[in-house]
Amino acid sequence: MPPNYVRTDQKLGKLLRKTFFNRSVHEVAPDLIGTTLLVDGVGGIIVEVEAYHHTEPAAHSYRGPTARNAVMFGPAGFAYVYRSYGIHWCVNFVCEKAGSASAVLIRALEPTHGIAAMRRRRHLHDERSLCSGPGKLTEALGITHAHNGLALDAPPIALYARSAKPEVVAGVRIGLTKAVDLPWRYGLKGSKFLSKPFAEEIVAQRS
DNA sequence: CTCTTGATCTTCT
DNA sequence: GAAGATCAAGAGC
């Protein structure tokens with residue numbers, strides 16, 4: 001049994017299997033809010049995601065397969081990791097049947113496991129900033145190109161079901177210049193660990 | 001608090 | 001040659 005994989009932490013639910021992802025990306029994306037993602041035992045609760053589908057121009061798969069996006073065109077339940085702006089890594093979970101080329105970008109986590117390791121990797125102390133963005137959370141969890149194509153239900157990756165259905169809010173996706181009006185960003189309502197607040201929650205923001 | 005900019009890899013024009 | 005599913009630091013208010 002690999003170290004850090006099976007844990008006795010009572011907060012963790014059942015491991016999600018690949019079949020969880022074998023349905024519409026628009027069902028999977030909000031259902032990921034509240035699940036727990038760990039890589040080698042380090043990670044936290046997913047609080048923000050975005051859905052991408054090959055039929056809209058903001059998706060990497062829109063113009064067909066390339067060396068970079070090949071994993072997106074494969075079966076559901078695998079990690080698609082790409083280089084962002086030449087510097088960062090971003091991780092997606094591939095959904096739907098092979099060839100659909102749809103995926104969910106993981107944008108923010110609430111840190112719960114291995115916080116000391118995350119602080120070392122991020123050179124930061126503030127918990128709210130450890131995983132509050134797609135490039136931040138990959139650095140905190142140690143995700144790189146080496147994780148591209150890995151299964152989501154086998155070490156070093158583990159994804160745990162949520163215990164209760166959370167309140168999920170939606171909005172437009174962040175940082176795009178194409179398909180900017182599609183409301184395919186989902187977040188945990190009221191979370192302090194988002195990359196940016198949702199419009200519905202502006203009144204809830206504090207100092 | 002907001003706005004601007006540099007860093008620097010992959011893909012596309 | 002330009003743009004991009006980003007981030008952090010610095011300037012200005």
Side-chain angles (χ1 to χ4, degrees), chain A residues 21 24-26 28-30 32-33 37 44 46-74 76 78-96 100-111 118-149 152 169-188 192-199 201-207:
Chain A
F21 298 94
S24 166
V25 70
H26 301 302
V28 174
L32 280 170
I33 301 299
L37 169 65
I46 295 176
V47 297
E48 181 185 337
V49 302
E50 286 176 355
Y52 289 86
H53 194 273
H54 81 276
T55 52
E56 46 92 8
H60 286 172
S61 51
Y62 181 63
R63 292 178 182 81
T66 65
R68 176 177 68 162
N69 66 20
V71 176
M72 275 190 87
F73 286 84
F78 291 85
Y80 163 47
V81 181
Y82 71 92
R83 179 81 87 169
S84 173
Y85 288 90
I87 305 174
H88 311 289
W89 300 105
C90 292
V91 62
N92 295 249
F93 296 168
V94 177
C95 298
E96 304 188 10
S100 171
S102 67
V104 179
L105 171 67
I106 310 304
R107 285 194 55 91
L109 306 180
E110 175 179 339
M118 294 191 221
R119 283 177 170 148
R120 279 197 301 275
R121 290 166 174 160
R122 295 271 296 125
H123 310 106
L124 271 181
H125 186 267
D126 178 22
E127 272 187 38
R128 285 177 57 159
S129 302
L130 288 178
C131 298
S132 57
K136 298 179 189 180
L137 73 90
T138 53
E139 183 173 42
L141 272 60
I143 296 173
T144 70
H145 61 106
H147 296 81
N148 188 40
L152 298 175
V169 292
V172 295
R173 297 174 295 184
I174 292 181
L176 304 185
T177 59
K178 301 165 189 163
V180 295
D181 293 328
L182 295 176
W184 291 352
R185 175 183 179 227
Y186 302 95
L188 177 63
K192 289 177 279 196
F193 299 90
L194 302 171
S195 66
K196 281 185 184 174
F198 282 75
E201 296 185 316
I202 288 175
V203 293
Q205 293 304 304
R206 318 185 56 173
S207 65

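As the structure is a computational prediction, the values presented were derived from the model and not from experiment. Reminder, nothing fancy here: chain letters follow the sequence lines and each chain counts from 1.
Each of A:Val81, A:Asn148, A:Leu141 was evaluated against A:Trp89; a single residue qualifies, A:Val81, per the side chain to side chain contact (heavy atoms under 4.5 Å, CB included) test. A:His26 pairs in a ring pair (Phe, Tyr, Trp, His ring centres under 6.0 Å) with only one of the listed residues (A:Tyr186, A:Trp184, A:Tyr52), which is A:Trp184.
Positionally, the nearest nucleotide of DNA chain C for A:Val104 lies more toward the 5' end than for the other of A:Val104 and A:Leu124. For the pair A:Pro134 and A:Arg83, both in contact range of DNA chain C, the more 5′-proximal nearest nucleotide belongs to A:Arg83.
Checking A:His53 against A:Thr55 by side-chain atom types alone, a donor-acceptor pair falls below 3.5 Å.
Within the shown strands, nothing qualifies as a pairing partner of B:dT8 under the Watson-Crick or G-U definition with both distances less than 3.5 Å.
Summarising the geometry of A:Glu48 relative to A:Ile174, their closest heavy-atom pair is OE2-CD1, 4.1 Å, with the distance given to 0.1 Å. Listed here is the closest heavy atom pair of A:Gly44 and A:Leu109: N-CD1, 4.0 Å.
For the pair A:Ile87 CD1 and C:dA3 C1', the interatomic distance rounds to 14 Å; values are reported in whole Å. Rounding to whole angstrom units, NZ of residue A:Lys178 and P of C:dA3 are separated by 11 Å. In this structure, A:Tyr80 atom OH and B:dT10 atom P are separated by 12 Å, rounded to whole Å. In this structure, A:Glu50 atom CD and C:dG4 atom C1' are separated by 14 Å, rounded to whole Å. One can place OH of A:Tyr62 at 20 Å from C1' of B:dT10, the figure rounded to the nearest angstrom. Atom CD of A:Glu48 is separated from atom P of C:dA5 by 16 Å (rounded to the nearest Å). Protein atom NZ of A:Lys196 is 11 Å distant from nucleotide atom P of B:dT2, rounded to whole Å. Rounded to whole Å, the distance from CZ on A:Arg122 to P on C:dA8 is 4 Å.
Among the nucleotides B:dT10, C:dA5, C:dC7, the one closest to the side chain of A:Leu176 is C:dA5. The side chain of A:Leu105 has C:dA5 as its nearest neighbour among B:dT10, C:dA5, C:dT6. In this structure, of C:dA5, B:dT11, B:dC9, it is C:dA5 that holds the atom nearest to the side chain of A:Met72. Of the candidates C:dT6, B:dC9, B:dA7, C:dT6 carries the atom nearest the A:His88 side chain, counting heavy atoms from C-beta on. Side chain of A:Arg68, nearest nucleotide from B:dT10, B:dC12, B:dT8: B:dT10. Listed nucleotides B:dT13, B:dT10, C:dG4 differ in distance to A:Thr177; the shortest reach to its side chain belongs to C:dG4.
Listed pair A:His60 / C:dA5 meets the phosphate criterion, a side-chain N or O lying under 4.0 Å from OP1 or OP2. Within the structure, a side-chain polar atom (N or O) of A:Arg107 is placed less than 4.0 Å from OP1 or OP2 of C:dT6. Residue A:Arg63 has a polar side-chain atom (N or O) positioned under 4.0 Å from OP1 or OP2 of B:dT13. Taking only side-chain nitrogens and oxygens, A:Lys136 comes nearer than 4.0 Å to OP1 or OP2 of C:dA8.
Counting distance only, with no hydrogens placed and no angle test, the side-chain atoms of A:Tyr82 and the base atoms of C:dA5 include a donor-acceptor pair under 3.5 Å.
Considering only heavy atoms from C-beta on, A:Pro111 stays 4.5 Å or farther from A:Arg122 through its side chain.
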